[in-house]
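See structure below.
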Amino acid sequence: MAYAFYGAMLSRRVDHFVESVIRDMTRLSIKHDAINLAQGFPDFPAPEELKRAAADAIMGDYNQYSITWGAKDLREEISRKALKYNHIEADPESEVTVTCGSTEAMMAAMLALINEGEEVVVFEPFYENYGPDAAVSGAVPRFVPLKDDCTIDEDALTSAFNKKTRALILNTPNNPCGKVFTKDELKLIADLCADHDVIAVTDEIYEYILYDGKKHISIASLDEMKDRTITISGFSKTYSVTGWRIGYAVAEKRLTSAIRKVHDFLTVGAPAPLQHACVTALKFPDPYYKELAKMYDGKRKLLYNALTKAGFRCLLPEGAYYILADIPDGVGMDDMEFARHLVSKVGVAAVPGSSFFKGEAGKHKLRFTFSKKEETLMEAARRLEGLKL
Ligand code: GLN
């Protein structure tokens, strides 16, 4: 009898989004014993030194809560890194918050900023989480499609701003299409944000994974954006520790204090021993980051070749570790059907494109990650070769 009441007992908020399709594809991949090119996490080990630092932290009894907004030494290192790499000056005491992954940072930022019914500009394609982030925070997302070559449609962007616009979500390098926003594009966004008194919330989790000489630019490093940007990043992708759930938000004092309030009551804090280990990560020497990008460059080319050989059309990503591919002509299935077919019959899991688009465009696309060992990607390539179209 109790079940009859459950529908009425749930909040309207959760009606506006579904469970993560990315994680659902991982479950399907496990069920079919497929190769998981759906969820973006490495299947190779994390750096030895980092694992040792985490084990040492636990044995050294860093096992109780850290300060809610992050261990002091970690905030200090993040502040140093933000200055050196992102050209953002941030006071570790009042402008840095350590969170449970950049996912929490993004949600905490949205909850801290948005009032019910206010609008948030989001480029399309977008990372799956931004929809639910908007739904939970009461924001109304305004999607601005990027052009086919992933450049900004200036008119579309300009007309997305209005009196209700409160924030803009920027993800560079972009998941799923691999776009790295240029300085001119960031300048355009910055001018619009300044004119309309809008805050940029930037997801820069792939900031070190760049190809072909591309440079990462943080929009907060532009003068007019310093006090109106929440810069979010984390350790998951740069150090191959997606399961650690350590991320952070860097923002001017007033914004940070609002984010910290939300963060405190959502999670109390990120895992203390892993925060301690992340101090070691931030002390890795410069060549580590060059090697990381070089390693992913090889994987990028391997997957790109495999996909084009199998009949997919795709652009080589400029950054991050995904390829958004057009489903080959003549397949006769939409993204959902084809993703199900691939995982169950071919043994390769990908994410249906519609997870990243509000409109129809995603129905003809699949996203594949190349954050996997070379042998994993080679086996996926072999299986995709057998794709009967
Ligand atoms: N960021 C990773 C991806 O896009 C994992 C995210 C997730 O688990 N939803 O695949």
Side-chain angles (χ1 to χ4, degrees), residues 14 17-31 34-44 46 99-110 122-136 150 169-180 201-210 232-249 292 296 299-300 303 307 314 317-325 335-336 339 342-343 348-357 362 365-373 376-377 380:
V14 296
F17 59 96
V18 293
E19 262 182 60
S20 159
V21 177
I22 299 176
R23 291 182 283 280
D24 191 35
M25 286 310 302
T26 285
R27 291 191 287 271
L28 268 184
S29 183
I30 293 168
K31 179 173 160 201
I35 294 179
N36 187 358
L37 303 189
Q39 196 174 10
F41 65 88
D43 66 347
F44 46 85
T99 55
C100 294
S102 58
T103 297
E104 191 228 332
M106 184 59 78
M107 184 66 93
M110 298 279 283
V122 182
F123 289 106
E124 184 189 51
F126 50 83
Y127 174 47
E128 188 197 57
N129 279 34
Y130 306 151
D133 287 341
V136 170
C150 283
I169 297 180
L170 180 69
N171 175 210
T172 184
N174 177 270
N175 172 9
C177 74
K179 178 189 175 55
V180 175
V201 184
T202 76
D203 176 349
E204 303 185 13
I205 189 82
Y206 300 98
E207 60 190 332
Y208 287 102
I209 304 178
L210 301 160
I232 292 171
S233 192
F235 294 82
S236 297
K237 315 291 182 179
T238 307
Y239 304 98
S240 304
V241 287
T242 61
W244 282 18
R245 315 309 303 129
I246 309 281
Y248 53 89
L292 180 83
Y296 277 123
K299 297 179 191 299
R300 168 181 80 134
L303 182 66
L307 289 174
C314 39
E318 299 171 338
Y321 52 44
Y322 307 96
I323 294 181
L324 188 61
D335 62 325
M336 289 291 192
L342 270 189
V343 71
V348 176
V351 182
S354 45
S355 292
F356 310 102
F357 291 83
K365 296 180 192 293
L366 293 181
R367 190 200 74 173
F368 297 83
T369 179
F370 49 89
S371 57
K372 307 293 168 185
K373 290 188 268 213
T376 309
L377 294 171

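All ligand and atom numbering here is 1-based and tracks the order in the structure. Only a predicted model underlies this, so the values are computations on that prediction, with no experimental measurement involved.
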Open item on the list: Salt bridge check, E19 against R27: does any charged N sit closer than 4.0 Å to a carboxylate O?
Closed with: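 Salt bridge between R27 and E19, a charged N being under 4.0 Å from a carboxylate O: yes.
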Open item on the list: Nearest 0.5 angstrom please: Y321 OH to L292 CG, how far?
Closed with: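 Separation between the atoms: 9.0 Å.
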Open item on the list: Between Y208 and K237, is the side-chain contact (heavy atoms from CB on, under 4.5 Å) condition met? List the steps.
Closed with: CA-CA 9 Å; Y208 287 102; K237 315 291 182 179; over 6 Å; no
- [ ] Look only at interatomic distance and state if Y322 has a nitrogen or oxygen under 3.5 Å from any nitrogen or oxygen of ligand 1.
- [x]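 Yes.
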Task: Close N or O approach (G40, ligand 1; < 3.5 Å) - done: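 Between G40 and ligand 1 (N or O atoms, distance only) the closest approach is under 3.5 Å.
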Open item on the list: Show the atoms of ligand 1 that are less than 4.0 angstrom away from any heavy atom in Y206.
Closed with: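 Matching atoms, with element in brackets: 1 (N).
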Open item on the list: Quick one: does any side-chain atom of N175 pair with a main-chain N or O of C177 as donor and acceptor, under 3.5 Å?
Closed with: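 No, the answer is negative, given that no donor and acceptor are paired below the 3.5 Å cut-off.
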- [ ] Mark yes or no for whether D43, through its side chain, and K373, through its backbone, hold a donor-acceptor pair below 3.5 Å.
- [x]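 Answer holds: yes.
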Task: Validation row, ring centre Y322 to ring centre Y206 under 6.0 Å - done: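 Yes - the distance between ring centres of Y322 and Y206 falls below the 6.0 Å cut-off.
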Would you mind telling me if ligand 1 is within reach of the side chain of [X], the backbone, both or neither, using heavy atoms under 4.0 Å?
{"X": "F41", "result": "neither"}
{"X": "T369", "result": "neither"}
{"X": "F356", "result": "neither"}

Task: Protein contact of atom 7 (C) of ligand 1 - nearest heavy atom, named by residue and atom, plus distance - done: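 Atom 7 (C) of ligand 1 sits closest to the protein heavy atom R23 NH1, 2.8 Å.
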Task: Protein residue, atom and distance nearest to atom 6 (C) of ligand 1, heavy-atom basis - done: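 The protein heavy atom lying closest is Y127 OH, 3.0 Å.
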TODO: Report yes if some heavy atom in the side chain of E128 is under 4.5 Å from a heavy atom in the side chain of V21; otherwise report no.
DONE: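 Yes. Closest side-chain heavy atoms under 4.5 Å.
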Open item on the list: On a heavy-atom basis, I'd like to know which of K237, M25, Q39 is closest to atom 2 (C) of ligand 1.
Closed with: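 Checking each option, the heavy atom nearest atom 2 (C) of ligand 1 is found in K237.
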